[in-house]
Number of protein chains: 2
Amino acid sequence: MNIHQFQYVLALAELRHFEKAAEKCFVTQSTLSTMISKLEEELGIPIFDRKKKPVALTAEGAVLLEQLKIVQREIESLKEISQEIKGEVKGRLIISVIPTIAPFLLPLFLHRFALQFPQLQIIVREQTTGEIIRQLKSRDIDIGIVSTPINDAEIEEQKLYHEPFVYYQAGKEPPKRIEAHELDLSNLALLEEGHCMRTQIIELCNYHENQLVNQLNFNFQAGSIDSLLRFVRGNGASTLLPYLSVYDFPEEEAKHISRFSDPVPFREIGLVVHRHFVRKRILHVLEEEILKAVKPILPNIDFSGKRLSPL
Amino acid sequence: MNIHQFQYVLALAELRHFEKAAEKCFVTQSTLSTMISKLEEELGIPIFDRKKKPVALTAEGAVLLEQLKIVQREIESLKEISQEIKGEVKGRLIISVIPTIAPFLLPLFLHRFALQFPQLQIIVREQTTGEIIRQLKSRDIDIGIVSTPINDAEIEEQKLYHEPFVYYQAGKEPPKRIEAHELDLSNLALLEEGHCMRTQIIELCNYHENQLVNQLNFNFQAGSIDSLLRFVRGNGASTLLPYLSVYDFPEEEAKHISRFSDPVPFREIGLVVHRHFVRKRILHVLEEEILKAVKPILPNIDFSGKRLSPL
DNA sequence: AACTCAATATTGATAGCATCGATGAACATT
DNA sequence: AATGTTCATCGATGCTATCAATATTGAGTT
């Protein structure tokens with residue numbers, strides 16, 4: 001039994017073709033065939049059904065495969081840990097960010113972050129919280145940036161910052177400051193379902209979804225803050241926006257923004273990783289870079305001990 | 001990099017002596033030395049400090065060792081899974097049971113259970129809940145039998161049965177049936193601290209620890225139900241006992257027992273394993289054997305939907 | 001400083017095995 | 001029947017894990 005055999009099985013299970021799997025492992029088909037047979041023999045269980053075209057996993061093989069994946073992953077972690085110890089950060093890192101954060105936060109830190117790990121191939125995606133958590137668990141992505149808390153035993157969270165919401169009113173010029181409870185909730189536009197910010201705002205308003213939506217005689221499902229804003233402007237509607245999406249508004253646009261008086265409604269943004277994520281240094285640098293970028297921009301409000309403030 | 005090297009490192013880390021570690025791995029000292037050097041070279045990190053006598057782990061080595069243990073464990077799981085698939089159950093199984101269950105439950109099923117796995121070396125220990133959970137997490141034991149729920153993300157629970165408490169009064173003969181609230185709480189003796197049953201009974205009584213203990217002018221710390229009973233008998237005191245400890249009392253002793261009328265105070269007993277425990281079949285057979293043994297004995301009470309009933 | 005002992009590293013030989021290219025076997029397609 | 005595809009098997013080869021023997025190192029000891 002050896003580590004190569006594990007890789008061969010995983011490759012064959014993925015590609016379902018001996019030659020292609022062999023190619024992926026940089027060996028000949030002959031080697032792959034022999035080695036997989038040996039592992040099957042040693043375990044005493046046929047992993048593949050070679051009668052089927054293309055090759056298929058046996059029922060027992062499917063069970064074993066799951067464990068093989070785990071073993072493989074832990075061996076990968078071993079390598080990653082030693083690279084971290086040596087201060088070498090290589091390989092590929094996939095970061096996924098929710099759509100209400102990504103376009104505003106990423107430009108603030110991504111470049112500086114990437115510079116620190118020239119050997120690291122960084123891939124950034126935009127996904128909803130649900131997808132991010134699912135993919136963290138299946139280890140398809142490495143780090144998520146979402147609105148915390150998540151409260152999942154498999155997921156580790158790292159609080160980053162609190163981001164206030166602001167009120168945006170198209171057409172009129174609302175007052176600079178506004179009390180949460182005096183908010184005009186008619187014509188409040190929201191993002192489409194699946195976005196955590198939609199849910200948060202609905203909860204903030206203490207309103208049922210129907211009540212909010214029904215204020216408008218048609219229903220626009222915005223998939224991004226940008227799209228939401230265009231809709232709001234075009235229809236004289238209003239909405240709530242995260243602070244980072246408005247902090248650099250030009251003067252003309254800033255007139256439509258109201259900041260909230262205390263208690264300011266806000267959301268918490270944090271890093272999330274799988275609990276077995278081992279590249280601690282990357283995580284630490286990422287956290288530092290984000291905070292360094294975001295702190296000078298965010299208003300200086302003390303959110304300590306506060307929960308989401310209902311409107 | 002290969003699996004043997006992992007084992008060599010683990011053995012050396014444990015025994016801190018090349019020759020002894022080599023012996024444990026059934027290779028020569030020369031092999032062990034070479035192979036460990038190779039792994040260190042491949043990882044690029046010295047794991048051991050050979051200058052120290054006896055050999056010591058380097059700081060980095062200690063970090064790597066943790067991951068090596070994980071890898072090793074997952075490979076062991078792979079073997080165990082294939083044995084389970086083949087229906088072969090071999091190796092060693094360590095079961096730990098809390099002291100208020102062990103002496104009464106074990107004789108009821110252990111023999112029949114062991115017969116089903118003649119190749120399995122079964123070791124049974126008696127430990128408190130805290131120790132059991134700790135050792136499950138460090139993977140030093142395999143299965144625990146405790147009073148559930150535990151509610152720990154790393155621990156998986158398997159409910160077994162509900163066990164009523166009964167009231168024992170030395171000296172007098174209490175009525176056959178007793179209402180929980182009419183219980184005489186003076187002179188109620190308890191197990192020493194660390195036993196979950198002590199805590200449960202204190203909670204049941206809704207009494208603070210001091211109030212209960214102060215009823216007696218001296219303080220006996222019983223470490224087992226047996227020891228507790230001797231004390232109670234010798235001092236005309238009273239106590240609560242788990243049903244399995246009294247169900248086969250001789251008539252003379254049974255006179256001192258009161259069963260509770262509804263709502264009957266009870267505890268829940270369950271199997272607990274680490275969430276990565278893979279020997280599902282063993283667990284399943286164990287559960288079946290315990291239930292088969294215990295069901296004819298336990299009184300037929302429906303505890304569904306009830307929580308621990310306070311006295 | 002010379003010696004001794006214990007512990008680890010190194011050396012050179014060997015056997016086992018992963019790997020290869022070539023070929024064979026099974027099966028589907030034409 | 002001929003051909004193509006796919007996986008298994010065979011014999012050769014080179015690598016490497018392993019061994020026994022020996023060298024080196026280091027910490028006492030005399």
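Keep in mind the model is a prediction, meaning the values are calculated, not measured. Numbered from 1 within each chain, the chains take letters A, B, ... in sequence-line order.
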Take atom [atom1] of [X] and atom [atom2] of [N], then tell me their distance rounded to the nearest Å.
X	N	atom1	atom2	answer
Asp49(A)	dT6(D)	CG	P	17 Å
Phe48(B)	dA7(C)	CZ	P	16 Å
Ile3(A)	dA17(D)	CD1	P	11 Å
Arg50(B)	dA27(D)	CZ	P	16 Å
Phe18(B)	dT8(C)	CZ	P	6 Å
Lys20(A)	dC7(D)	NZ	C1'	14 Å
Leu15(B)	dT8(C)	CG	P	11 Å
Arg16(A)	dC7(D)	CZ	P	12 Å

*Would a distance-only check, ignoring hydrogens and angles, find a side-chain to backbone donor-acceptor pair under 3.5 Å from Thr100(A) to Met197(A)?*
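Between the backbone of Met197(A) and the side chain of Thr100(A) there is no qualifying donor-acceptor contact (under 3.5 Å).
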
_Test your reading of the model: is there a side-chain donor-acceptor pair from Gln5(A) to the backbone of Asn2(A), 3.5 Å cut-off?_
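Checked: pair present.
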
*Respond yes when some side-chain nitrogen or oxygen of Ser33(A) is under 4.0 Å from OP1 or OP2 of dC7(D), and no when none is.*
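It does not, given that no N or O in the side chain of Ser33(A) lies less than 4.0 Å from OP1 or OP2 of dC7(D).
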
*Carefully, step by step, assess Ile36(B) and Ile47(B) under the rule side-chain contact (heavy atoms from CB on, under 4.5 Å).*
CA-CA 9 Å; Ile36(B) 290 183; Ile47(B) 299 175; 5.7 Å; no

*Side chains of Lys86(A) and Leu43(B) in contact at under 4.5 Å (non-hydrogen atoms)*: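 No, side chains not in contact.
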
*Run the side chain to side chain donor-acceptor pair (under 3.5 Å) check on His274(B) and Glu156(B) step by step: do they pass?*
CA-CA 6 Å; His274(B) 190 274; Glu156(B) 220 156 69; over 6 Å; no

*At under 4.0 Å between heavy atoms, which parts of nucleotides 12-30 of chain C does protein reach? Answer with one letter per nucleotide, 5' to 3': B base, S sugar-phosphate only, - none.*
------SSBBB--------

*Quick one: pull up SG in Cys196(B) and CD1 in Ile101(B) and give me the separation to the nearest 0.5 Å.*
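Answer for the SG-CD1 pair, Cys196(B) versus Ile101(B), is 7.0 Å.
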
